[in-house]
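Per chain, numbering begins at 1; letters A, B, ... match sequence-line order.
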Amino acid sequence: MDGQTVRELLSHPATEVAPLLLGAHLTLGPVTIRLTEVEAYLGETDPGSHAFRGMTPRTTTMFGEPGHLYAYFTYGMHVCANVVCSPTGEASAVLLRAGEVVEGVDIARERRTTSKTDADLARGPARLTVAMGITLAHNGADVLGESSAPRLELARPAVDFGRSVRTGVSGPGGLDAFPWRFWLPGEPSVSPYRAHYPKKRPG
DNA sequence: GTCGAGATTATCT
DNA sequence: GATAATCTCGACC
(Lines give C-alpha, C1' and ligand atoms only; values in the text may rest on other atoms or scores of the structure.)
Protein backbone atom coordinates (compact mmCIF):
# COMPACT_ATOMS: atom_id res chain seq x y z
CA MET A 1 0.00 0.00 0.00
CA ASP A 2 1.67 3.19 -1.13
CA GLY A 3 1.72 6.52 0.60
CA GLN A 4 -0.92 8.06 -1.57
CA THR A 5 -3.36 5.29 -0.81
CA VAL A 6 -2.72 5.66 2.88
CA ARG A 7 -3.26 9.39 2.73
CA GLU A 8 -6.64 8.84 1.14
CA LEU A 9 -7.54 6.50 3.94
CA LEU A 10 -6.58 9.18 6.41
CA SER A 11 -8.78 11.76 4.73
CA HIS A 12 -11.72 10.70 6.82
CA PRO A 13 -12.97 11.66 10.26
CA ALA A 14 -10.80 10.48 13.10
CA THR A 15 -13.53 8.18 14.34
CA GLU A 16 -13.23 6.20 11.12
CA VAL A 17 -9.47 6.37 10.86
CA ALA A 18 -8.71 5.39 14.45
CA PRO A 19 -9.48 1.67 14.02
CA LEU A 20 -7.27 1.60 10.94
CA LEU A 21 -4.31 2.74 12.97
CA LEU A 22 -4.62 -0.11 15.43
CA GLY A 23 -1.82 -2.54 14.75
CA ALA A 24 -0.08 -0.08 12.47
CA HIS A 25 3.65 0.41 12.83
CA LEU A 26 5.23 3.75 13.59
CA THR A 27 8.95 4.06 13.06
CA LEU A 28 11.30 6.84 14.05
CA GLY A 29 14.98 6.06 13.68
CA PRO A 30 15.80 2.79 15.40
CA VAL A 31 12.55 2.50 17.30
CA THR A 32 9.39 0.93 15.92
CA ILE A 33 6.16 0.49 17.80
CA ARG A 34 2.91 -1.23 17.03
CA LEU A 35 -0.04 0.95 17.97
CA THR A 36 -2.31 -0.76 20.43
CA GLU A 37 -4.47 2.08 21.68
CA VAL A 38 -5.66 5.28 20.02
CA GLU A 39 -8.28 7.92 20.57
CA ALA A 40 -10.21 9.97 18.05
CA TYR A 41 -10.62 13.72 18.26
CA LEU A 42 -12.82 15.75 16.00
CA GLY A 43 -12.96 19.47 15.51
CA GLU A 44 -16.16 21.38 15.86
CA THR A 45 -18.26 18.67 17.39
CA ASP A 46 -15.89 17.44 20.06
CA PRO A 47 -15.66 19.66 23.12
CA GLY A 48 -12.59 17.79 24.21
CA SER A 49 -10.71 18.66 21.08
CA HIS A 50 -8.19 21.45 20.90
CA ALA A 51 -9.84 22.52 17.68
CA PHE A 52 -13.27 22.87 19.22
CA ARG A 53 -12.85 26.57 19.75
CA GLY A 54 -11.50 27.15 16.31
CA MET A 55 -8.06 27.34 14.84
CA THR A 56 -5.29 28.66 17.03
CA PRO A 57 -1.60 28.93 16.30
CA ARG A 58 -1.13 25.67 18.09
CA THR A 59 -3.81 23.70 16.31
CA THR A 60 -2.99 24.89 12.82
CA THR A 61 -1.46 21.53 12.06
CA MET A 62 -4.70 19.83 12.97
CA PHE A 63 -6.50 21.77 10.27
CA GLY A 64 -3.87 20.92 7.73
CA GLU A 65 -3.25 18.04 5.38
CA PRO A 66 -4.01 14.52 6.63
CA GLY A 67 -1.10 12.26 7.26
CA HIS A 68 0.89 14.83 9.16
CA LEU A 69 1.95 14.68 12.75
CA TYR A 70 0.37 16.94 15.33
CA ALA A 71 2.63 17.14 18.36
CA TYR A 72 1.87 19.37 21.30
CA PHE A 73 2.96 20.11 24.82
CA THR A 74 0.73 19.30 27.72
CA TYR A 75 1.02 19.69 31.45
CA GLY A 76 4.21 21.56 30.96
CA MET A 77 6.36 18.51 30.64
CA HIS A 78 4.82 16.05 28.28
CA VAL A 79 4.46 15.69 24.54
CA CYS A 80 1.57 13.96 22.87
CA ALA A 81 1.45 12.84 19.25
CA ASN A 82 -1.47 12.66 16.86
CA VAL A 83 -1.97 11.73 13.25
CA VAL A 84 -3.98 14.37 11.42
CA CYS A 85 -7.08 13.11 9.65
CA SER A 86 -9.86 14.50 7.49
CA PRO A 87 -9.33 16.61 4.39
CA THR A 88 -7.33 19.80 4.62
CA GLY A 89 -9.33 22.51 6.34
CA GLU A 90 -11.11 20.13 8.64
CA ALA A 91 -9.77 19.53 12.11
CA SER A 92 -9.57 15.92 13.11
CA ALA A 93 -6.83 13.79 14.54
CA VAL A 94 -6.09 10.50 16.18
CA LEU A 95 -4.16 10.58 19.42
CA LEU A 96 -1.60 7.82 19.79
CA ARG A 97 -2.24 6.59 23.29
CA ALA A 98 -0.19 3.45 23.55
CA GLY A 99 1.92 1.01 21.65
CA GLU A 100 4.12 -2.03 21.89
CA VAL A 101 7.79 -1.55 21.15
CA VAL A 102 8.68 -4.11 18.51
CA GLU A 103 12.06 -2.76 17.50
CA GLY A 104 14.69 -0.74 19.29
CA VAL A 105 13.57 -1.96 22.69
CA ASP A 106 17.00 -1.28 24.16
CA ILE A 107 16.84 2.36 23.20
CA ALA A 108 13.30 2.73 24.44
CA ARG A 109 14.37 1.30 27.77
CA GLU A 110 17.13 3.85 28.07
CA ARG A 111 14.72 6.68 27.41
CA ARG A 112 12.11 5.35 29.79
CA THR A 113 14.15 4.44 32.81
CA THR A 114 11.09 4.54 35.02
CA SER A 115 9.52 1.67 33.14
CA LYS A 116 9.94 -1.61 34.91
CA THR A 117 8.45 -3.73 32.20
CA ASP A 118 8.51 -3.55 28.43
CA ALA A 119 4.76 -3.20 28.39
CA ASP A 120 5.17 0.11 30.22
CA LEU A 121 7.56 1.58 27.69
CA ALA A 122 4.87 3.13 25.53
CA ARG A 123 1.77 2.75 27.64
CA GLY A 124 0.35 6.25 27.68
CA PRO A 125 0.46 9.15 25.21
CA ALA A 126 3.40 10.97 26.73
CA ARG A 127 5.29 7.78 27.39
CA LEU A 128 4.89 6.79 23.80
CA THR A 129 6.49 9.97 22.53
CA VAL A 130 9.38 9.58 24.94
CA ALA A 131 10.00 5.99 23.94
CA MET A 132 9.90 6.97 20.28
CA GLY A 133 11.85 10.15 20.66
CA ILE A 134 9.09 12.32 19.26
CA THR A 135 9.38 15.99 20.13
CA LEU A 136 7.78 19.25 19.11
CA ALA A 137 10.28 19.38 16.30
CA HIS A 138 8.20 16.71 14.60
CA ASN A 139 5.05 18.78 14.68
CA GLY A 140 3.71 19.12 11.16
CA ALA A 141 5.95 16.42 9.76
CA ASP A 142 4.57 14.14 7.10
CA VAL A 143 4.44 10.59 8.41
CA LEU A 144 4.05 9.26 4.88
CA GLY A 145 7.03 10.99 3.36
CA GLU A 146 10.26 12.31 4.80
CA SER A 147 12.52 9.74 6.24
CA SER A 148 13.67 12.02 9.05
CA ALA A 149 10.13 12.09 10.40
CA PRO A 150 8.19 9.31 12.03
CA ARG A 151 6.93 6.95 9.39
CA LEU A 152 3.54 5.31 9.54
CA GLU A 153 2.85 1.92 8.06
CA LEU A 154 -0.65 0.55 8.17
CA ALA A 155 -1.14 -3.08 8.90
CA ARG A 156 -4.04 -5.09 7.74
CA PRO A 157 -7.24 -3.67 9.16
CA ALA A 158 -7.93 -4.70 12.70
CA VAL A 159 -10.77 -7.12 12.67
CA ASP A 160 -11.20 -7.19 16.37
CA PHE A 161 -10.84 -4.15 18.55
CA GLY A 162 -12.23 -2.70 21.72
CA ARG A 163 -14.19 0.49 21.62
CA SER A 164 -15.13 2.68 24.52
CA VAL A 165 -18.23 4.66 24.71
CA ARG A 166 -18.26 7.77 26.68
CA THR A 167 -17.71 6.86 30.19
CA GLY A 168 -19.52 9.06 32.50
CA VAL A 169 -21.23 10.82 29.93
CA SER A 170 -23.95 12.33 29.65
CA GLY A 171 -26.34 14.35 29.72
CA PRO A 172 -26.62 17.89 28.97
CA GLY A 173 -23.58 19.76 29.89
CA GLY A 174 -21.62 16.55 29.97
CA LEU A 175 -18.25 18.00 29.33
CA ASP A 176 -16.78 14.56 29.43
CA ALA A 177 -16.28 14.95 25.77
CA PHE A 178 -16.38 11.97 23.55
CA PRO A 179 -13.56 9.68 24.50
CA TRP A 180 -13.63 7.61 21.40
CA ARG A 181 -11.01 5.13 22.37
CA PHE A 182 -10.01 2.13 20.36
CA TRP A 183 -7.63 -0.57 21.41
CA LEU A 184 -6.43 -4.06 20.62
CA PRO A 185 -7.79 -6.51 23.15
CA GLY A 186 -5.35 -8.65 25.04
CA GLU A 187 -2.44 -6.24 24.68
CA PRO A 188 -0.39 -5.73 27.84
CA SER A 189 0.59 -2.28 26.65
CA VAL A 190 -3.02 -1.18 26.77
CA SER A 191 -4.05 -2.48 30.12
CA PRO A 192 -6.52 -0.75 32.28
CA TYR A 193 -4.80 2.56 32.18
CA ARG A 194 -5.83 4.71 35.06
CA ALA A 195 -9.48 5.41 34.64
CA HIS A 196 -9.97 9.11 34.57
CA TYR A 197 -11.46 9.97 37.88
CA PRO A 198 -13.46 13.13 38.30
CA LYS A 199 -11.58 16.04 39.76
CA LYS A 200 -14.62 17.11 41.62
CA ARG A 201 -17.29 14.81 42.83
CA PRO A 202 -20.54 15.80 41.28
CA GLY A 203 -22.83 16.82 44.03
C1' DG B 1 -4.79 -4.51 42.22
C1' DT B 2 -7.27 0.57 43.19
C1' DC B 3 -7.41 5.40 44.86
C1' DG B 4 -5.58 10.20 45.83
C1' DA B 5 -2.71 14.16 45.21
C1' DG B 6 1.45 16.91 43.49
C1' DA B 7 4.49 18.42 39.83
C1' DT B 8 5.24 21.82 35.99
C1' DT B 9 4.72 25.11 31.83
C1' DA B 10 2.85 26.34 27.05
C1' DT B 11 -1.35 28.11 25.56
C1' DC B 12 -5.58 30.65 25.70
C1' DT B 13 -9.05 34.15 27.87
C1' DG C 1 -4.76 33.88 35.92
C1' DA C 2 -6.92 29.41 34.72
C1' DT C 3 -6.58 25.50 32.19
C1' DA C 4 -4.77 21.05 30.35
C1' DA C 5 -5.70 14.87 25.17
C1' DT C 6 -0.38 13.42 31.81
C1' DC C 7 2.95 10.94 34.79
C1' DT C 8 4.80 9.42 39.01
C1' DC C 9 4.81 8.37 43.70
C1' DG C 10 2.62 6.96 48.04
C1' DA C 11 -1.09 4.62 50.76
C1' DC C 12 -4.16 1.01 51.14
C1' DC C 13 -6.43 -3.80 49.98
Side-chain angles (χ1 to χ4, degrees), chain A residues 13-15 17-19 21-22 26 33 35-64 68-86 90-99 101 108-140 143 150 162-169 173-183 187-202:
Chain A
T15 46
V17 175
L21 295 183
L22 287 177
L26 189 67
I33 68 161
L35 297 175
T36 56
E37 184 183 1
V38 298
E39 187 163 8
Y41 282 89
L42 301 185
E44 312 172 302
T45 54
D46 185 358
S49 171
H50 285 170
F52 179 62
R53 295 189 39 126
M55 183 162 52
T56 68
R58 205 56 182 176
T59 60
T60 301
T61 304
M62 217 168 148
F63 285 82
H68 287 240
L69 195 73
Y70 169 44
Y72 66 91
F73 246 89
T74 188
Y75 286 89
M77 30 180 179
H78 300 299
V79 176
C80 293
N82 307 244
V83 174
V84 176
C85 306
S86 288
E90 250 180 82
S92 184
V94 176
L95 170 67
L96 312 180
R97 289 198 67 89
V101 180
R109 278 190 193 134
E110 284 180 22
R111 290 170 174 164
R112 299 261 314 106
T113 53
T114 53
S115 287
K116 305 213 162 166
T117 68
D118 286 354
D120 274 345
L121 289 176
R123 184 175 70 174
R127 292 168 167 183
L128 185 147
T129 59
V130 171
M132 295 231 25
I134 294 177
T135 70
L136 287 186
H138 298 106
N139 183 40
V143 299
R163 168 185 62 135
S164 85
V165 254
R166 352 171 159 190
T167 62
V169 133
L175 186 55
D176 263 310
F178 305 62
W180 277 302
R181 277 190 293 179
F182 302 83
W183 65 87
E187 285 291 338
S189 56
V190 176
S191 114
Y193 192 59
R194 160 140 9 219
H196 49 288
Y197 58 89
K199 286 179 181 173
K200 291 196 305 192
R201 251 187 343 209

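For the pair E37(A) CD and dT6(C) P, the interatomic distance rounds to 11 Å; values are reported in whole Å. Atom CG in L128(A) sits about 13 Å away from atom P in dT6(C), given to the nearest Å. Distance K116(A) NZ to dC9(C) P: 7 Å, rounded to the nearest Å. When the P atom of dA5(C) is taken as reference, atom CG of L21(A) falls 20 Å away, rounded to whole Å. Distance R112(A) CZ to dT6(C) P: 15 Å, rounded to the nearest Å. In this structure, CG of D120(A) is placed 14 Å from C1' of dC9(C), rounded to the nearest angstrom. As rounded to whole Å, 5 Å separates atom C1' of dA7(B) from atom CE of M77(A). dT8(C) atom P lies 11 Å from atom CG of L121(A), rounded to whole Å.
Contact between the side-chain N/O atoms of T114(A) and the OP1/OP2 oxygens of dT8(C) is found at a separation under 4.0 Å. Side-chain N/O atoms of R127(A) include none lying less than 4.0 angstrom from OP1 or OP2 on dA5(C).
Nucleic acid contact for F52(A): none, since no nucleic acid atom lies under 4.0 Å from a heavy atom of the residue.
Residues V84(A) and S92(A) have side chains not in contact (no heavy-atom distance under 4.5 Å, counting atoms from C-beta outward). Residues L42(A) and S49(A) form no side-chain contact, since every pair of their non-hydrogen atoms from C-beta on lies 4.5 Å or further apart. With contacts defined as side-chain heavy-atom distances shorter than 4.5 Å, the pair R109(A)/L121(A) qualifies. Looking at heavy atoms from C-beta onward, F73(A) lies in side-chain contact with L136(A) at the 4.5 angstrom threshold.
Using a 3.5 Å distance cut-off with no hydrogens or angles, the side chains of R58(A) and T60(A) do not pair a donor with an acceptor. A donor-acceptor contact closer than 3.5 angstrom links the side chains of Y70(A) and H50(A).
Between G140(A) and H68(A), the shortest heavy-atom distance links the atoms O-ND1, 2.8 Å.
Nearest nucleotide to the side chain of H78(A), out of dA5(C), dT6(C), dA7(B): dT6(C).
Centre separation under 5.5 Å together with a plane angle under 30° holds for the ring of Y75(A) and the six-membered base ring of dA4(C), marking them as stacked. The aromatic ring of Y72(A) is not stacked on the base of dA5(C), since the criterion of ring centres less than 5.5 Å apart with planes inclined by under 30° is not met.
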Under the rule of Watson-Crick or G-U wobble with both distances under 3.5 Å, where | means paired to another strand and [ ] a crossing pair, DNA chain B maps to |||||||.||||.
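Remark: the backbone N or O of A119(A) is not paired with any side-chain donor or acceptor of R123(A) at under 3.5 angstrom.
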Pick out the pairs of N or O atoms, protein on one side and nucleotides 10-13 of chain B on the other, that lie under 3.5 Å.
residue, atom, partner, partner atom, Å
dT11(B), OP1, R58(A), NE, 3.0
dT11(B), OP1, R58(A), NH1, 2.3
dT11(B), OP1, R58(A), NH2, 3.3
dC12(B), OP1, T56(A), OG1, 2.4
dT13(B), OP1, R53(A), NE, 2.7
dT13(B), OP1, R53(A), NH2, 2.3

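Of the candidates L35(A), T36(A), V17(A), V38(A), V38(A) is the only one forming a side chain to side chain contact (heavy atoms under 4.5 Å, CB included) with F182(A).
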